[in-house]
S.K.: 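This is the structure I have questions about; it appears just below.
The shown structure was predicted, so the numbers you read here are calculated from the model rather than taken from an experiment. Note that the numbering runs from 1 along the sequence shown for the chain.
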Amino acid sequence: MLSCSKSSPAPKLVGTWERVSSRKLVVYNDGRAPYDQTDVDPPGNYLWEFAADGQVKIISSGTVGTSTYTYSGENITLSTSRTITGGVWRVTELTDHRLVLDIHQYGHGGASINFIGTFKR
């Protein structure tokens, strides 16, 4: 006997997301204590607008950057453009009203750096 249950559709990335906070976490490989700082963004200061056609617009303090993106599994990949530095952001949370993105990089001397952005719709 088979049973089907109706599931709710997956939350959609497409739309405008307002960043409410950003966190920078740096882990040094030389024994120093980690650097961990979270900043709260002024309302309306930092927006990401994902279009269904793969275009993304990032608005920061009135400056507009545009690029393309792909969303696959747990990752959003932004292409490098004239106005945006590309990279792979890991989606750690995506609901109808909340998006959390994390990008990992390496700094001078091999320090591990994570930038975590928390967004609301």
S.K.: Could you name each residue pair satisfying salt bridge (charged side-chain N to carboxylate O under 4.0 Å, His left out) that touches residues 45-62, not counting sequence neighbours?
M.R.: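 For residues 45-62: Glu49-Lys57.
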S.K.: Where is the tightest heavy-atom contact between Ala111 and Tyr28, given as atom of each residue plus distance?
M.R.: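 Taking Ala111 first and Tyr28 second, the nearest heavy atoms are CB-CD2, 4.1 Å.
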S.K.: How would you list, by chain and number, every residue that makes a side chain to side chain contact (heavy atoms under 4.5 Å, CB included) with Asn29, sequence neighbours excluded?
M.R.: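 Testing Asn29 for side chain to side chain contact (heavy atoms under 4.5 Å, CB included), a comparison that skips the adjacent residues, returns none.
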S.K.: Working to the nearest 0.5 angstrom, can you tell me the gap between Ser21 OG and Tyr46 OH?
M.R.: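 Output value for this atom pair is 12.0 Å.
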S.K.: Quick check: is Val20 connected to Ile58 through a chain of hydrophobic side chains (ILVMFWY, heavy atoms under 4.5 Å apart)?
M.R.: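 Different clusters: Ile58 never reaches Val20 through Ile, Leu, Val, Met, Phe, Trp or Tyr contacts under 4.5 Å.
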S.K.: Sequence neighbours left out, what passes side chain to side chain donor-acceptor pair (under 3.5 Å) with Ser61? Give chain and number order.
M.R.: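 Expected list: Asn45.
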S.K.: Among the clusters formed by ILVMFWY side chains lying less than 4.5 Å apart, do Trp48 and Ile116 turn up in the same one?
M.R.: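 No, separate clusters.
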S.K.: Once side chain to side chain donor-acceptor pair (under 3.5 Å) is applied, do any residues pair with Tyr35, and if so which ones, sequence neighbours excluded?
M.R.: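 Tyr35: side chain to side chain donor-acceptor pair (under 3.5 Å) contacts with Gln37.
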S.K.: By the rule that ILVMFWY residues connect when side-chain heavy atoms come within less than 4.5 angstrom, directly or transitively, which residues belong alongside Val88?
M.R.: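 Answer for Val88: none, a lone residue.
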S.K.: Return yes if some donor-acceptor pair links the side-chain N/O of Thr83 with the main-chain N/O of Gly65 below 3.5 Å, else return no.
M.R.: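 No.
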S.K.: Which value, rounded to the nearest 0.5 Å, describes the distance between Arg98 atom CZ and Trp17 atom CH2?
M.R.: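 Taking CZ in Arg98 and CH2 in Trp17, the distance rounds to 10.0 Å.
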S.K.: Each residue besides Val40 in its hydrophobic cluster should be listed here, by chain and number; the cluster joins Ile, Leu, Val, Met, Phe, Trp and Tyr at side-chain heavy-atom distances under 4.5 Å.
M.R.: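 Taking Ile, Leu, Val, Met, Phe, Trp and Tyr as members, Val40 stands alone, with no cluster partners.
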S.K.: Test Arg121 against Asp96 for salt bridge (charged side-chain N to carboxylate O under 4.0 Å, His left out), laying out the working first.
M.R.: CA-CA 7 Å; Arg121 190 179 340 235; Asp96 288 338; 5.5 Å; no
S.K.: Mind checking what makes side chain to side chain donor-acceptor pair (under 3.5 Å) contact with Thr68, not counting sequence neighbours?
M.R.: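 With sequence neighbours excluded, Thr68 shows a side chain to side chain donor-acceptor pair (under 3.5 Å) to Ser79, given in chain and number order.
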S.K.: Between Tyr69 and Ile103, is there a shared hydrophobic cluster once you connect ILVMFWY residues whose side-chain heavy atoms come closer than 4.5 Å?
M.R.: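 Linked, Tyr69 and Ile103 end up in one cluster.
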S.K.: Passes side-chain contact (heavy atoms from CB on, under 4.5 Å), Lys24 versus Ile113? Steps please.
M.R.: CA-CA 7 Å; Lys24 182 178 183 181; Ile113 305 170; 4.2 Å; yes
S.K.: Could you tell me the separation between the CZ atom of Phe115 and the CD atom of Gln105, rounded to the nearest 0.5 Å?
M.R.: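 Result: 5.0 Å between the selected atoms.
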S.K.: Which residues pass the side chain to side chain contact (heavy atoms under 4.5 Å, CB included) test with Val91, not counting sequence neighbours?
M.R.: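 Applying side chain to side chain contact (heavy atoms under 4.5 Å, CB included) to Val91 gives Tyr71, Ile76, Leu94, Leu99, Leu101.
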S.K.: Any pair with a residue in residues 64-77 that passes salt bridge (charged side-chain N to carboxylate O under 4.0 Å, His left out), sequence neighbours left out, goes on the list, sorted by first then second residue, please.
M.R.: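 Every candidate salt bridge (charged side-chain N to carboxylate O under 4.0 Å, His left out) pair involving residues 64-77 fails, so no pair, neighbours aside, qualifies.
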S.K.: Can you check whether Thr16 reaches Glu18 side chain to side chain, under 4.5 Å on heavy atoms?
M.R.: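 Side-chain contact under 4.5 Å: no.
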S.K.: Any chain of hydrophobic side-chain contacts (each under 4.5 Å) joining Leu47 to Val100?
M.R.: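 No.
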S.K.: Kindly write out the residues that satisfy side chain to side chain donor-acceptor pair (under 3.5 Å) with Asp41, not counting sequence neighbours, or none if the list is empty.
M.R.: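 With sequence neighbours excluded, Asp41 shows a side chain to side chain donor-acceptor pair (under 3.5 Å) to Arg19, given in chain and number order.
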S.K.: Hey, are the side chains of Arg23 and Asp36 touching, using non-hydrogen atoms and a 4.5 Å cut-off?
M.R.: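 Sidechains of Asp36 and Arg23: in contact.
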S.K.: Counting N and O atoms only, with roles assigned by atom type, does the side chain of Asn75 sit under 3.5 Å from a partner on the main chain of Thr77, one being a donor and the other an acceptor?
M.R.: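 No.
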S.K.: What pairs meet the salt bridge (charged side-chain N to carboxylate O under 4.0 Å, His left out) rule with one or both residues in residues 100-110, with sequence neighbours excluded?
M.R.: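 Counting only pairs at least two positions apart or across chains, the salt bridge (charged side-chain N to carboxylate O under 4.0 Å, His left out) contacts touching residues 100-110 are Arg90-Asp102.
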S.K.: Among all residues two or more places apart in sequence or in another chain, which pass the salt bridge (charged side-chain N to carboxylate O under 4.0 Å, His left out) test with Arg82?
M.R.: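 Partners of Arg82 under the salt bridge (charged side-chain N to carboxylate O under 4.0 Å, His left out) test: none.
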S.K.: Do Ile59 and Leu13 belong together in a cluster built from hydrophobic side chains that touch within less than 4.5 Å?
M.R.: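 Looking at the clustering, Leu13 is in a separate group from Ile59.
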S.K.: Looking only at heavy atoms, which two atoms of Thr66 and Ser81 are closest? And how far apart?
M.R.: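 Heavy-atom minimum between the residues: O-OG, 2.6 Å.
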S.K.: Got a second to check how far Ser22's OG is from Asp39's CG, nearest 0.5 Å?
M.R.: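 The distance works out to 5.0 Å.
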